[in-house]
Structure formats: structure tokens, C-alpha cells
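Start at 1 and go down the list; that is how both ligands and their atoms are numbered.
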Amino acid sequence: MKLKKTGLGTSAVHAGEVRPGIGGAVSMPIFQSSTFENDGDAGYHDVRYIRLNNTPNHDVLHAKLAVLEGAEAALVAGSGMAAISTTLMTFLSSGDHVMHQHALYGGTHSFIQHDLKDFGIDHGDVDPTRQETWEAIRTDRTRVFYVETLSNPLMTVPDLQAVVDFCRQHGIVSVIDNTFASPVNFLPIPFGFDLVLHSCTKYMNGHTDIVAGSIAGSAEKIAAIKHKLDHLGGTLDPHACFLLHRGMKTLPLRMRHQNKSALEMARFLAEQERVIRVNHPGLPGSPDHERAKTYLHGTGGMLSFEVEGGAAAADRMFSRLQLPIVAPSLGGVETLVTRPVTTSHAGLSAAELERANISEGLVRVSVGIEDTEDLIADFRRALS
Ligand SMILES: *Cc1c(COP(=O)(O)O)cnc(C)c1O
């Protein structure tokens with residue numbers, strides 16, 4: 001369904017929907033069919049087939065996502081990593097160079113460092129908050145500049161305007177992983193990025209029950225990525241499409257609560273005697289606070305903090321917490337806690353951890369949709 005420009009909450013429910021509903025159905029049914037009848041004159045990439053990401057379940061998701069992202073076109077993929085790897089492989093070939101911020105999601109970091117390297121694609125990392133250092137890293141084969149809206153686990157906000165300007169000036173494709181912010185807190189395409197990626201496993205779906213990815217941008221770039229995805233095969237199956245579609249309808253509701261709740265939690269934790277440091281861009285003392293205020297509509301549901309007493313004290317706190325679940329991943333309705341050195345950053349050496357400012361005792365929290373008072377009471381008890 002085409003709508004006049006509406007708010008994100010309305011678009012999340014109504015944009016892209018097939019109306020009147022198929023068979024009168026209010027919710028989009030699942031089309032569990034690998035192939036579809038065909039009249040013979042469609043080209044290969046237009047034949048309806050699950051791997052080609054063009055079943056009715058894909059179509060509605062693409063339409064809804066494009067509206068939410070304020071983009072011409074969008075595409076879903078079998079996981080966040082399928083979206084990321086396929087996008088990078090679409091715009092980089094042997095001899096090319098990719099610039100990226102130094103602290104990236106582990107899978108992306110490893111893909112750039114090892115897998116792309118094997119294809120003869122070189123890389124250089126930069127501090128995304130210090131644009132004066134970027135030109136020294138750029139080469140005449142730099143094709144892509146890749147950043148994340150809020151980095152894991154310290155919640156660094158890059159100088160997003162400088163990234164867009166730098167890429168325009170040098171004819172580089174700007175790509176941003178917006179997973180931690182979601183479209184509720186930042187809209188990269190209207191802002192000026194070429195492509196936005198999400199691990200829809202996280203906030204987009206929000207219910208910790210599927211893995212999925214998405215890409216949005218110009219129709220031309222999305223068509224090029226779809227072509228690559230059709231061949232690499234990173235499709236999203238119709239049942240997962242259905243679940244993602246359902247989850248996305250409540251994204252604005254969930255995220256607005258999570259923004260508020262995480263900020264209250266960050267303020268509470270910052271006041272605790274046994275907490276040494278809280279990383280959350282919504283706190284006025286955060287080194288990212290000014291950039292967050294300039295660029296983001298909300299500061300998200302993620303925070304991290306250090307407890308006095310290091311890893312042992314953090315583990316003791318985990319064993320006392322009653323509501324949060326100790327697990328990696330993020331962005332779901334339930335609050336999750338993890339120590340990044342044992343999960344997302346387990347692959348880093350002691351020197352790399354130190355350089356990245358990630359201590360053994362650092363705790364990362366993905367704040368869910370529980371009542372904030374209950375979470376605060378639980379943390380207060382566990383820290384006492
Ligand atoms: C989880 C995550 C990914 C990878 O997504 P998957 O759905 O697990 O493949 C990429 N980027 C960020 C920021 C993530 O948090």
C-alpha cells in the first residue's frame with residue numbers, strides 16, 4: 001500500500017501492505033512455495049523463486065523496509081552477515097581497497113581482514129571520530145568506506161556528516177551498519193549515506209527468534225546487490241520473512257521504550273559506587289554525547305559498564321541478576337547481559353583489547369522492554 005508520508009509508527013504498521021488483503025487476510029500470509037507459475041517471458045532474476053528473494057513475502061518486506069528507511073529500494077537477506085558480505089562483494093573487486101572504522105562487529109571485521117584479503121582486496125582502519133586522519137588511509141583504489149552508527153561495545157558515534165562528505169568528495173560508496181540505532185534513531189539514506197545495512201536479527205525483528213539482514217539504498221545499487229545475493233544464495237526463507245514482517249510492525253514502539261529505559265539505566269548505573277565507568281551516548285559525560293545529540297533521534301537500548309573488581313565481580317553480579325539473561329546478541333524484548341571479552345570480542349588478543357579499551361570486567365547490556373523500575377531494582381540488588 002502506498003501511503004502519504006506518515007510517521008514511523010504508522011509506516012511500520014501500514015507501509016508496503018497488500019490491500020485488500022489476500023483472501024481478506026489482515027496479516028500477510030506465508031507463501032511456503034519454492035517456485036511459482038510462470039508465463040515463460042521473465043528473465044532469470046525475475047522468475048519467482050525463494051532464492052531470488054522475490055516471493056510475495058519478500059515483496060511486502062522490501063516495500064515496507066524502503067519506506068521505513070526513506071530509500072528508493074530495499075532487500076532482505078538470510079542474516080546480517082549475508083547482507084554485509086554480499087554488499088561488500090558487490091562494490092569491491094581484486095585490487096580494490098576498503099576503509100573502515102577500527103572497532104567493527106566481529107564478523108564484519110574478520111570478513112574484511114581475512115576473506116576479502118583472500119580475494120586481493122586490501123583494507124585500512126580509521127578512527128571514525130577524527131576525519132583529519134582519514135586522507136592518509138585513503139588510496140586511489142578505495143571504493144568503500146564502512147562505518148557503524150553505534151559501535152560495539154563502547155557505543156562510539158562516528159562523525160557521520162564527515163563520512164558522507166568525504167565519500168562524496170572522493171567518489172567512494174558510503175556504507176553504514178545501522179543495527180544498533182535502527183531506523184527509529186537514525187535514517188542514513190535521507191542523511192546522505194549510499195547504503196544502510198541491518199542485522200534484522202536484532203531490533204528490526206526484536207523477538208530473538210530468527211536471523212535476518214537487510215540492505216537499503218538507491219534502486220540501482222540495490223539491483224546490483226540483489227544480483228550478487230541471487231548467486232551467493234543468502235536468501236531469507238518465507239517463514240523468517242513472516243516473522244520479521246511481524247516484528248517490524250512494533251519496532252517504533254519497542255525502540256522508543258528502549259531508548260528511554262536504557263538512558264534511565266545508564267543514569268542509575270553511573271551513580272553506583274561499585275560502577276567505574278558507563279558507556280552510553282545519552283550521558284552528558286560521554287565522549288560521544290555531542291555527536292549523538294547532533295545526529296541521532298534517540299541513543300538506543302545498548303550500554304556497557306565496568307564493575308569494580310573486574311571479571312570476577314561481573315560474573316558474581318550476573319549470578320545474582322534475576323531478570324537479565326546472560327547471552328550474546330541484542331535488540332530483543334528481553335534484557336541480555338554479556339561480557340564482550342568472552343563473546344563478541346573473544347577473538348581479540350590482549351593487546352588488541354587494550355587498544356580498543358575493552359577490559360575483562362566490561363559488561364554489555366541490551367535493555368529489553370521490561371519495566372525500567374524492575375530492571376533497576378534487579379541491578380541494585382545484584383550490585384549490592
Ligand atoms: C549481529 C550483528 C551483525 C551480524 O548479524 P547476523 O544477523 O548475526 O548475521 C552485524 N552487525 C552488527 C552491528 C551486529 O550486531
Yes or no: does Asp177 have any heavy atom under 4.0 Å from an atom of ligand 1? yes

Can you say whether the rings of Phe186 and Phe193 are parallel (under 30°), tilted (30 to 60°) or perpendicular (over 60°)? perpendicular

heavy-atom search around atom 15 (O) of ligand 1 in the protein gives Lys202 NZ, 2.8 Å

Can you find an N or O of Glu148 that's nearer than 3.5 Å to an N or O of ligand 1? no

Does a donor on one side chain and an acceptor on the other come within less than 3.5 Å for Arg381 and Gln322? yes

Carboxylate-amine/guanidinium contact Asp288 Arg291, below 4.0 Å: yes

Salt bridge or not between Arg138 and Glu135? Use side-chain N to carboxylate O under 4.0 Å. yes

Give me the residue, atom name and distance of the protein heavy atom closest to atom 5 (O) of ligand 1. Ser199 OG, 2.9 Å

Location of contacts on Ala212 toward ligand 1, heavy atoms closer than 4.0 Å: backbone

Near Ser79 (heavy-atom distance under 4.0 Å), the atoms of ligand 1 are 7 (O), 9 (O)

Geometry only, no angles: is Phe180 polar-contacting ligand 1 at N/O separations under 3.5 Å? no

At less than 4.0 angstrom from any non-hydrogen atom of Met81, what atoms of ligand 1 do you find? 5 (O), 6 (P), 9 (O)

Asp59 bridged to Arg48 by N-O distance under 4.0 Å: yes

In terms of atom number and element, which parts of ligand 1 are under 4.0 angstrom from non-hydrogen atoms of Ile84? 10 (C)

Are a donor atom and an acceptor atom from the side chains of Ser174 and Asp194 found within less than 3.5 Å of each other? yes

Which of the ligand 1 atoms, numbered from 1, are nearer than 4.0 Å to a heavy atom of Thr201: 6 (P), 7 (O)

Is Thr342 reaching over with its side chain to a backbone N or O of Thr338, donor-acceptor style, under 3.5 angstrom? no

Report, in ascending order of atom number, the atoms of ligand 1 lying under 4.0 Å from any heavy atom of Thr179. 12 (C), 13 (C), 15 (O)

Between Asp122 and Lys117, does any NZ, NE, NH1 or NH2 come within less than 4.0 Å of an OD or OE carboxylate oxygen? yes

Around atom 8 (O) of ligand 1, find the nearest protein heavy atom and jot down its residue, atom name and distance. Tyr105 OH, 4.0 Å

